[in-house]
Amino acid sequence: MTATTETTTTAPEALHAPVIDWFDGCARDLPWRRPEAGAWGVMVSEFMLQQTPVNRVLPVYEQWMTRWPRPANLADEAPGEAVRAWGRLGYPRRALRLHAAAVAIQERHNGDVPRRHAQLLALPGIGEYTAAAVASFAYGQRHPVLDTNVRRVYARAISGTEFPPGATTAAERRIARELLPDDDDTAARWAAASMELGALVCTSRNPSCHACPIAQQCAWRQAGSPAYEGPPRRGQTYAGTDRQVRGRLLAVLREADGPVPQAALDQVWDEPVQRARALDGLVSDGLVEPLADGVYRLPGA
DNA sequence: TAGACGTGGGG
DNA sequence: TCCCCAAGTCT
């Protein structure tokens, strides 16, 4: 058989050097990439960066690392303090999980962020991506790091499509595995570089192909940059959803010094059934703690 | 395995 | 204005 598969069209080695060289010259100077960040700094940044843009994470990251420079410091706090300090980053369950992860690190790993992928994966709030990212960025290990940026880079450069599938597929994992450099240090470098390429150059909309170090080898460009034909990528409506109500409710709790009476929460949304459902949801998620007499507060705060 | 889960900036 | 999207995880 002489059939050419999509992954053998271009030798992996032909991609590594250009992308890593580009990264060496163009990488952003982000605080969690500096040596002093340590594994804990990398882990905190990864939690915050799950679905939240870098620019919004920056100031909150600095506050967190100043206040809680080690996992033990966060573990000693009430979970509600983590939720409060999370500010407006969104998806506040991440704050709760990061706090829980700090507690687990204290209990199971003597206060040090574990090195092994399986141990990282076992921590709350850490999935396939974050485990690989921490192991790779903090400890220089060799793991396929498949985030939304890398998936888009591979979709274009390797598969020749404008966008990756809705959910990560086995085919994508295979590509990531086959592209992974053999050497640990190069693999870690490649992971960071390919992510950065997706974040800065191979962006979702209006990619800067003129500035791309592998534009000449890009399967999507070679195919004439065909428009995306797959199923419509899910748009997330927000206005009027429980999520919006939850956000407003939690904002009130976050900004209050202490417990808040029901009446104050009632003002954020006029529809009582949805309002009650949202509040119940927050309570069952552990983001809000009901006290006696219809008073609420952030958990343990 | 879809769907839930916040928030705000840019085109 | 409206729509899309941003270093995912969990159920």
Side-chain angles (χ1 to χ4, degrees), chain A residues 23 27-28 30-33 37 41-61 83 86-98 100-101 120-138 143-153 162-170 172 176 188 191-200 202-208 228 231-254 268 277-278 280-282 284-288:
Chain A
F23 183 68
R28 290 166 292 180
L30 300 170
W32 44 85
R33 285 179 177 162
V42 171
M43 184 172 148
V44 169
S45 76
E46 290 302 336
F47 269 76
M48 292 182 172
L49 289 164
Q50 291 169 3
Q51 302 286 281
T52 301
V54 167
N55 289 332
R56 225 176 315 156
V57 165
L58 249 14
V60 182
Y61 171 83
V83 174
W86 196 252
R88 309 186 68 79
L89 289 183
Y91 292 148
R93 291 194 288 199
R94 290 180 293 163
L96 225 40
R97 290 173 181 152
L98 181 48
L120 288 162
L121 197 55
L123 296 173
I126 294 192
E128 190 62 40
Y129 160 75
T130 303
V134 173
S136 181
F137 303 153
H143 293 281
V145 178
L146 254 194
D147 80 320
T148 188
N149 290 305
V150 175
R151 293 183 61 219
R152 188 174 52 249
V153 169
E162 186 177 14
F163 297 113
T168 305
T169 62
E172 290 182 272
S194 53
M195 272 178 74
E196 190 79 336
L197 186 65
L200 299 183
C202 193
T203 51
S204 186
R205 284 174 298 186
N206 306 317
S208 305
Y228 178 73
R233 295 175 294 152
R234 77 158 175 281
Q236 35 182 211
T237 51
Y238 180 66
T241 61
D242 285 7
R243 282 157 79 180
Q244 183 179 26
V245 185
R246 288 167 56 107
R248 290 191 184 184
L249 254 13
L250 207 54
V252 172
L253 278 301
R254 248 189 348 246
V268 306
R277 183 173 66 233
D280 283 350
L282 287 170
S284 59
D285 287 347
L287 282 163
V288 172

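Throughout, a chain's letter reflects where its sequence line sits, starting with A, and its residues are numbered from 1. Values reported hereafter were calculated over all heavy atoms of this structure, with side chains retained and with hydrogens, waters and symmetry mates removed.
- If you check every strand for non-hydrogen atoms under 4.0 Å, Gly127(A) touches sugar and phosphate atoms only.
- A straight line from CG of Leu49(A) to P of dG8(C) spans 8 Å, rounded to a whole angstrom.
- dG6(B) sits 14 Å from dT11(C) when the P atoms are compared, rounded to a whole Å.
- For the pair Ser45(A) and Ile126(A), nearest-nucleotide mapping onto DNA chain C gives the more 5' position to Ser45(A).
- Rounded to an integer number of Å, the gap from Leu89(A) CG to dA7(C) C1' is 13 Å.
- Base contact: Arg33(A) has a heavy atom under 4.0 Å from a base atom.
- For Arg94(A), whose side chain is taken as the heavy atoms from C-beta onward, the closest listed nucleotide among dC5(B), dG6(B), dA7(C) is dG6(B).
- Across the protein-nucleic acid pair, Asn55(A) atom CG and dA7(C) atom P stand 12 Å apart, rounded to whole Å.
- Using a 4.0 Å heavy-atom distance criterion, Val145(A) is classed as making no nucleic acid contact.
- Comparing the C1' positions of dT1(B) and dG8(C) gives an interatomic distance of 15 Å, to the nearest angstrom.
- Within 4.0 Å of Leu30(A), counting heavy atoms only, lies at least one base atom of the nucleic acid.
- Ionic pairing of Glu196(A) and Arg33(A) is present here: one or more N-O contacts between side-chain nitrogen and carboxylate oxygen are shorter than 4.0 angstrom.
- An OP1 or OP2 oxygen of dG8(C) is reached within less than 4.0 angstrom by a side-chain nitrogen or oxygen of Gln51(A).
- Taking atom CZ on Phe163(A) and atom C1' on dA6(C), their separation rounds to 14 Å, with Å as the unit.
- Counting only N and O atoms by type, the side chains of Gln50(A) and Tyr129(A) include no donor and acceptor under 3.5 Å apart.
- Taking the nucleotide of DNA chain B with the nearest heavy atom to each of Asn206(A) and Gly247(A), the more 5' of the two is matched to Gly247(A).
- Nucleotides dG3(B) and dA7(C) have their P atoms positioned 23 Å apart, rounded to a whole Å.
- Atom C1' of nucleotide dC10(C) and atom CZ of Phe47(A) are separated by 12 Å, given to the nearest angstrom.
- The side chain of Thr130(A) lies closest to dG8(C), out of dA7(C), dA4(B), dG8(C).
- For Arg243(A) against dG6(B), a side-chain-to-base donor-acceptor contact under 3.5 Å is present.
- If you check dT7(B), dA7(C), dG6(B) against the side chain of Trp32(A), the one that comes closest is dA7(C).
- Regarding Arg205(A), its CZ atom lies at a distance of 15 Å from the P atom of dG9(B), rounded to whole Å.
- Counting only heavy atoms from C-beta on, Tyr91(A) has its side chain closest to dC5(B) among dC5(C), dC5(B), dA7(C).
- For the pair Leu287(A) CG and dA4(B) C1', the computed distance is 13 Å after rounding to whole Å.
- Using modelled atom types, no side-chain atom of Thr203(A) and backbone atom of Ala199(A) make a donor-acceptor pair closer than 3.5 Å.
- Listed for the Arg94(A) side chain is a donor-acceptor partner under 3.5 Å among the backbone atoms of Phe47(A).
- Heavy-atom nearest nucleotides on DNA chain B were determined for Gln244(A) and for Ala167(A), and the one closer to the 5' end corresponds to Ala167(A).
- Nucleic acid contact for Arg151(A): none, since no nucleic acid atom lies under 4.0 Å from a heavy atom of the residue.
- Between the side chain of Thr52(A) and the base of dG8(B) there is no donor-acceptor pair of N/O atoms closer than 3.5 Å.
- Using modelled atom types, no side-chain atom of Arg56(A) and backbone atom of Leu89(A) make a donor-acceptor pair closer than 3.5 Å.
- Atom CZ in Arg248(A) sits about 12 Å away from atom P in dG8(B), given to the nearest Å.
- In this structure, the side chain of Arg152(A) does not engage the main chain of Phe163(A) through any donor-acceptor pair within 3.5 Å.
- Paired with Phe137(A) under the rule side chain to side chain contact (heavy atoms under 4.5 Å, CB included), one option of Met195(A), His143(A), Met43(A) passes, and it is Met195(A).
- Checked against dC10(C), dC5(C), dT7(B), the side chain of Arg97(A) finds its nearest nucleotide in dC10(C).
- The nucleotide whose nearest atom lies closest to any side-chain atom of Arg88(A) is, among dG8(C), dA7(C), dG8(B), dG8(B).
- Contact check, Arg254(A) against dT7(B): a side-chain N or O comes under 4.0 Å of OP1 or OP2.
- The side chain of Arg246(A) has dG6(B) as its nearest neighbour among dG6(B), dA6(C), dT9(C).
- Contact check, Arg56(A) against dT7(B): no side-chain N or O comes under 4.0 Å of OP1 or OP2.
- The shortest distance between the side-chain N/O atoms of Arg28(A) and the OP1/OP2 oxygens of dA7(C) is not below 4.0 Å.
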